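Residue indices begin at 1 and follow the sequence shown. Model, not experiment: these values are computed from the prediction.
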Amino acid sequence: PKEKTELQTLYADLRKKGITHDEAFRGVLTRVFVSPAFLFKIEKAPAGKEAGKIDDFELATRLSYFLWSAPPDEELRKLAAEGKLKEAKVLE
């Protein structure tokens with residue numbers, strides 16, 4: 001809801017400056033496309049200030065994007081679901 005309100009406010013501010021609907025909409029869309037939440041895979045933050053362990057699905061995602069710049073394939077998702085991805089031999 002906060003982000004939605006910010007985007008609506010941006011649109012309204014642009015329109016108040018005399019910018020056409022199309023240009024204002026492009027400005028809002030650009031704002032969305034350059035947002036870190038849109039550009040990057042953001043994982044859930046651990047509670048507190050200390051680093052936390054990641055689960056198997058987050059590990060599968062990190063491995064896949066590191067190795068292939070793509071989402072996890074079926075094999076990685078299956079291993080993550082089975083809880084086997086953190087096993088040394090499987091990970092190797």
Are side-chain heavy atoms of [X] and [Y] found at a separation under 4.5 Å?
| X | Y | value |
| --- | --- | --- |
| Glu87 | Glu82 | no |
| Glu23 | Leu14 | no |
| Ile54 | Thr61 | no |

Provide the closest heavy-atom pair for [X] versus [Y] in the form atom of the first, atom of the second, distance.
| X | Y | answer |
| --- | --- | --- |
| Arg77 | Phe57 | O-CE2, 4.0 Å |
| Ala80 | Ala60 | CB-CB, 4.2 Å |
| Tyr65 | Pro71 | OH-CG, 3.6 Å |
| Asp73 | Leu76 | OD1-N, 2.9 Å |
| Lys86 | Asp55 | NZ-CA, 3.9 Å |
| Asp56 | Leu85 | OD2-N, 3.2 Å |

Please report the interatomic distance [atom1]([X]) to [atom2]([Y]), rounded to the nearest 0.5 Å.
| X | Y | atom1 | atom2 | answer |
| --- | --- | --- | --- | --- |
| Tyr11 | Ile19 | OH | CD1 | 10.5 Å |
| Thr20 | Arg26 | OG1 | CZ | 7.0 Å |
| Lys4 | Leu7 | NZ | CG | 10.5 Å |

*Are Val34 and Val28 linked, directly or through other ILVMFWY residues, by side chains that come within less than 4.5 angstrom of each other?*
no

*Partner residues of Phe33 under the ring pair (Phe, Tyr, Trp, His ring centres under 6.0 Å) criterion, sequence neighbours left out*: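 Residues passing ring pair (Phe, Tyr, Trp, His ring centres under 6.0 Å) with Phe33: Phe38.
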
_Lys78 NZ: over 12 foreign heavy atoms closer than 6.0 Å_ = no

